[in-house]
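Notes follow the structure.
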Amino acid sequence: MSIGLFEQEILRREAMAELRKLGIDPYPPEAFEVNVNAQDIKDNYERDKTSYKNISFAGRIMSRRIMGSASFAELQDSTGRIQAYINRDEICPGEDKTLYNTVFKKLLDIGDFIGVKGYVFTTKTGEISIHVSEMTILSKSLKPLPIVKRDDEGHVYDGFTDPEMRYRQRYVDLTVNPEFKHIFMNRSKVINTMRNYFDSQGWMEVETPILQPVHGGAAARPFETHHNTLDMPLFLRIANELYLKRLIVAGFDGVYEFGKMFRNEGMDRTHNPEFTAMEIYVAYKDYIWMMAMVEECLEKVALAVHGSSKVKVADQEIEFAGPYEKLSMYDSIKKYTGIDVSAMDESALRQTCKDLKIEIDPTMGRGKLIDEIFSKKVEEHLIQPTYITDYPIEMTPLAKKHRSKEGLVERFELFVMGKEIANAYTELNDPIDQRERLEDQLLLAGRGDEEAMAMDEDFLRALEYGMPPTSGLGIGIDRLVMLMTNQSTIQEVLFFPQMRPEKKAKLPSLEDFIAIGVPAEWVPVIQKMGFNTVEELKAANPNKVFNDLGGMRKKMKLEITMPQKEVVMEWFS
RNA sequence: GAUUUGGUAGCUCAGCUGGUAGAGCAUAACACUUUUAAUGUUGGGGUCCUGGGUUCGAAUCCCAGCCAGAUCACCA
């Protein structure tokens with residue numbers, strides 16, 4: 001493996017070997033005690049200089065400026081960067097200057113982790129720096145990091161910007177572009193704020209199955225897998241709603257879960273196959289109560305992340321303090337199209353879609369047609385937080401029928417910046433009604449609707465034992481984080497967004513070469529010489545190959561044993 | 001899935017109407033005791049994404065494929 005690399009990586013491996021020869025372990029096992037971080041020094045040193053006279057700091061070397069027997073290096077820890085001043089005669093007080101001349105100047109590289117002890121001071125040019133008196137190598141970096149340079153105004157000169165590499169190698173991205181860490185720190189803050197709020201209300205965090213025999217609770221195509229011992233198919237959950245409701249049946253007054261959901265559908269900048277949802281169910285409440293709860297919750301989140309209920313997103317300023325605007329689904333369509341769809345039957349809706357130039361297909365029922373009109377004509381207008389309420393019953397098999405409006409259910413969705421952020425119901429707890437509604441879904445499935453909800457007999461049995469009136473809410477955490485961190489793609493708020501596998505260099509199998517007697521460590525050399533298959537190698541002149549192997553060994557400074565000539569000749573026999 | 005843009009050194013990118021590859025940073029060597037995008041001098045470093053085709057000759061033109069981004073469609 002080590003030979004597909006080139007000079008910089010070979011040099012670093014040599015430096016690592018040199019360190020070992022000098023008796024320095026490039027990967028020491030001992031803990032290195034740290035008593036300060038970069039942010040702390042920068043924030044507090046000027047005020048309190050006496051506290052920084054004996055510090056111990058650890059981080060990565062991110063740049064070096066060597067000037068003879070004095071040097072500057074930028075060290076980066078989890079909180080930021082701080083400059084270190086290293087003077088030869090200070091870290092090497094005796095005759096032996098090896099630690100500076102050889103170890104620091106020759107054997108250390110950008111990316112290495114080191115620990116330093118010393119004191120904080122301000123340089124002539126006014127930079128708060130660490131004056132190093134002792135230096136310890138903590139971990140050697142064998143691959144060169146991309147170098148990102150910034151000037152005083154913060155201009156970036158050689159940015160590490162390729163999104164493919166940033167997502168595939170997030171460890172490199174966050175090392176050289178540490179500003180992106182704030183997105184993930186804020187993501188954590190969003191989740192913790194919600195969790196603290198729920199806990200303070202006395203609701204309980206729970207975990208429910210990810211592997212489910214029936215994929216219920218939402219409309220989406222699932223990932224399917226198989227359990228060997230039970231010899232049965234299982235689905236990765238597309239939702240956890242039905243399990244959380246079982247817990248309300250079981251007698252908990254409030255339960256919530258943050259968890260990954262999995263949907264086997266398209267990927268784009270707002271969809272990843274696995275994503276995080278938060279669902280919460282509270283007994284003895286309805287969807288009107290839930291609206292107020294959401295307003296309180298999101299305001300707390302905005303305050304935690306930004307210190308303000310107002311959040312800048314793209315070119316808008318979003319106000320997360322409630323109350324939010326409320327608009328029924330029918331009214332919203334009327335508002336933005338001028339059309340009253342409330343009394344239309346399926347064929348009238350089809351005509352309306354045609355008039356509005358909205359594509360439809362024959363499998364769509366009344367609910368889906370209305371949803372199409374809504375998503376094409378209304379969603380984009382909903383910039384400030386807006387509740388869309390009272391959905392047609394056909395679209396929502398798990399919500400309770402509206403207390404006063406025929407044909408509707410008690411449901412709301414919260415839209416911000418034209419995107420759905422939350423979805424909530426007064427939950428359907430009438431087991432007879434629930435069974436009928438799921439049976440209607442089966443009819444839709446029969447019409448070819450791949451997303452119609454499946455029947456879940458055990459869930460119906462739970463309802464038959466009795467579920468208290470309950471309101472439930474789901475929030476898409478990734479999209480909420482996108483809003484709170486002003487990001488336009490979901491990949492930027494996921495550490496490891498889903499990617500196609502990296503293409504592998506099309507190398508023939510190691511085994512083929514080993515089979516004809518080539519030592520494993522020489523296979524990469526042969527490949528580097530241009531022989532990609534055993535056949536190509538055998539077609540070459542054996543003497544030339546033998547000579548070239550020696551040449552490559554020297555050129556690439558390989559420390560592996562040269563094979564005997566007779567051995568090489570046998571490769572060709 | 002459709003359209004479109006891109007894939008060249010470790011990183012960011014040049015490379016015209018086809019003539020066998022360049023810069024900056026990084027890296028190596030030398031100089032330099034307070035620099036900060038350090039500087040100066042001198043080097044090394046490439047399967048130009050892959051596979052076909054056209055051509056005397058392809059990083060460049062054509063076709064197919066792979067990966068990624070954007071837009072759209074689908075999907076909450």
Side-chain angles (χ1 to χ4, degrees), chain A residues 4-12 14-15 62-74 81 83-90 100 105-106 109-111 121-127 129 131 142-168 172 176-177 218-221 238-239 261 263-273 275 277 359 361 368 371-372 374-376 379 395 413 415 419-423 450-451 474 476 479 488-489 491 497 499-507 527-530 532 555-556:
Chain A
L5 344 154
F6 293 92
E7 47 158 3
Q8 293 191 38
E9 289 169 288
I10 293 166
L11 287 163
R12 285 179 180 224
E14 284 171 0
M62 294 307 285
S63 76
R64 282 193 303 172
R65 293 180 284 276
I66 296 172
M67 283 149 291
S69 50
S71 294
F72 291 90
E74 280 182 287
R81 290 190 186 185
Q83 178 170 267
Y85 171 70
I86 296 161
N87 181 299
R88 180 186 65 199
D89 297 325
E90 301 228 15
Y100 183 79
K105 279 170 68 176
K106 309 278 189 201
D109 290 289
I110 288 175
F121 75 115
T122 307
T123 66
K124 215 158 72 174
T125 52
E127 176 100 5
S129 306
H131 192 117
L142 295 182
K143 277 179 104 63
L145 286 169
I147 304 297
V148 177
K149 295 224 172 191
R150 292 173 175 81
D151 63 19
D152 285 340
E153 280 98 52
H155 296 122
V156 174
Y157 288 88
D158 289 293
F160 179 72
T161 53
D162 179 1
E164 178 171 3
M165 284 204 287
R166 287 190 47 232
Y167 302 151
R168 286 195 198 280
V172 173
V176 303
N177 299 323
R221 284 199 295 275
I238 56 175
M261 305 298 154
R263 297 189 183 177
N264 204 343
E265 292 173 343
M267 293 164 56
D268 60 27
R269 66 174 178 198
T270 55
H271 297 264
N272 196 67
F275 62 99
E359 282 184 45
D361 69 66
K368 267 215 144 177
D371 191 40
E372 281 298 301
F374 175 79
S375 56
K376 291 290 184 306
E379 268 186 29
M395 298 166 62
E413 290 189 317
F415 286 83
K419 291 269 186 289
E420 180 214 330
I421 297 301
N423 180 22
E450 288 187 25
E451 289 150 14
R479 291 185 184 179
S488 58
T489 74
Q491 285 112 313
M499 304 284 274
R500 278 205 166 78
E502 269 181 277
K503 74 176 167 201
K504 267 203 296 208
K506 191 188 62 176
L507 292 177
Q527 287 169 340
K528 177 121 175 76
M529 283 161 62
N532 284 324
K555 183 178 168 199
M556 299 172 69

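In the text below, chain A, chain B and the rest are named by the order of the sequence lines, each starting its count at 1.
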Worksheet item: Using the C1' atom in both, what is the distance from B:U35 to B:U20, to the nearest Å?
Response: 43 Å

Fill in: Whether A:Phe121 and A:His131 hold their rings parallel, tilted or perpendicular, with breakpoints at 30° and 60°
perpendicular

Worksheet item: Do A:Asp162 side-chain and B:C11 base share a donor-acceptor contact under 3.5 Å?
Response: no

Worksheet item: What are the two closest non-hydrogen atoms of A:Lys419 and A:Thr270, and how far apart are they?
Response: CE-CG2, 3.4 Å

Item to complete: Mind checking A:Gln491 for me? I need base, sugar-phosphate or nothing, with any heavy atom below 4.0 Å counting as a touch.
Response: sugar-phosphate

Practice prompt. Kindly point out which of B:C13, B:U34, B:C67 is positioned nearest to the side chain of A:Thr161?
Written response: B:C13

Worksheet item: With rounding to whole Å, what would you report as the distance between B:A68 and B:C32 at their C1' atoms?
Response: 45 Å

Worksheet item: Which part of the nucleic acid, if any, lies within contact of A:Arg88, taking any heavy atom under 4.0 Å across all strands shown: a base, the sugar-phosphate backbone alone, or nothing?
Response: nothing

Worksheet item: For A:Ser488, which contact category applies under a 4.0 Å heavy-atom criterion: base, sugar-phosphate, or nothing?
Response: nothing

Discussion item. Does any part of the side chain of A:Arg263, heavy atoms only, come nearer than 4.5 Å to the side chain of A:His271, both counted from C-beta?
Written reply: no

Practice prompt. Check whether any side-chain N or O of A:Arg65 sits under 4.0 Å from OP1 or OP2 of B:U35, and answer yes or no.
Written response: no

Item to complete: Identify which nucleotide among B:C67, B:U35, B:U33 has an atom closest to any side-chain atom of A:Asn87, counting heavy atoms from C-beta outward.
Response: B:U33

Fill in: Separation of B:G24 C1' from A:Phe160 CZ (nearest whole Å)
18 Å

Discussion item. What contact category does A:Lys106 fall into here, base, sugar-phosphate, or nothing, at under 4.0 angstrom with non-hydrogen atoms?
Written reply: sugar-phosphate

Discussion item. What is the separation between atom CE on A:Met165 and atom C1' on B:U8, rounded to the nearest whole Å?
Written reply: 13 Å

Worksheet item: Within the structure, does a side-chain N or O atom of A:Lys149 lie under 4.0 Å from either OP1 or OP2 of B:U12?
Response: no

Worksheet item: Taking the side chain of A:Gln83 as its heavy atoms from C-beta onward, which of B:C74, B:U35, B:A68 lies nearest to it?
Response: B:U35

Worksheet, complete the sentence: Winner on side-chain proximity to A:Glu372, out of B:U34, B:C30, B:C74, is B:C74

Item to complete: Spell out, as yes or no, whether a donor-acceptor pair under 3.5 Å connects the side chain of A:Asn177 to the backbone of A:Phe160.
Response: yes

Worksheet entry | A:Thr123, nearest nucleotide to its side chain (from B:A68, B:U34, B:C74) | B:U34

Worksheet item: Base, sugar-phosphate alone, or nothing: which one does A:Asp371 contact when heavy atoms must sit under 4.0 Å apart?
Response: nothing

Fill in: Nucleotide B:U27, atom C1' - distance to CZ of A:Arg64 in whole Å
10 Å

Worksheet entry | Touch class at under 4.0 angstrom, heavy-atom based, for A:Ile110 against every strand present | sugar-phosphate

Item to complete: Name the closest nucleotide to the A:Lys124 side chain, picking from B:C11, B:G1, B:U35.
Response: B:U35

Worksheet item: Once you round it to whole Å, what is the distance between C1' of B:C32 and NZ of A:Lys105?
Response: 9 Å

Worksheet item: Picking from B:A28, B:U33, B:C72, which would you name as closest to the side chain of A:Leu11?
Response: B:A28

Practice prompt. Could you tell me the separation between the CD1 atom of A:Ile147 and the P atom of B:C13, rounded to a whole number of Å?
Written response: 16 Å

Discussion item. When you compare the side chain of A:Val172 with that of A:Met165, does any pair of heavy atoms fall below 4.5 Å?
Written reply: no

Worksheet item: Does A:Glu74 reach the side chain of A:Arg65, with side-chain heavy atoms less than 4.5 Å apart?
Response: yes

Practice prompt. Using a 4.0 Å heavy-atom cut-off across all strands, classify A:Arg500 as base, sugar-phosphate, or nothing.
Written response: sugar-phosphate

Worksheet entry | Between P of B:A38 and CD of A:Glu127, the distance in whole Å | 11 Å

Worksheet item: Pick the nucleotide of RNA chain B nearest each of A:Thr489 and A:Met267; which residue has the one closer to the 5' end?
Response: A:Thr489

Discussion item. Using OP1 and OP2 only, check whether a side-chain N or O of A:Arg269 sits under 4.0 Å from B:U71.
Written reply: yes

Discussion item. Rounding to an integer number of Å, can you tell me how far A:Ile86 CD1 sits from B:U34 C1'?
Written reply: 13 Å

Worksheet, complete the sentence: Scanning both residues in full, the closest heavy-atom pair of A:Ile421 with A:Arg479 reads CD1-CB, 4.0 Å

Discussion item. Does B:A68 have OP1 or OP2 under 4.0 Å away from a side-chain N or O of A:Arg168?
Written reply: yes

Worksheet item: Within this structure, what is the CE-to-C1' distance between A:Met62 and B:A37, rounded to whole angstrom?
Response: 14 Å

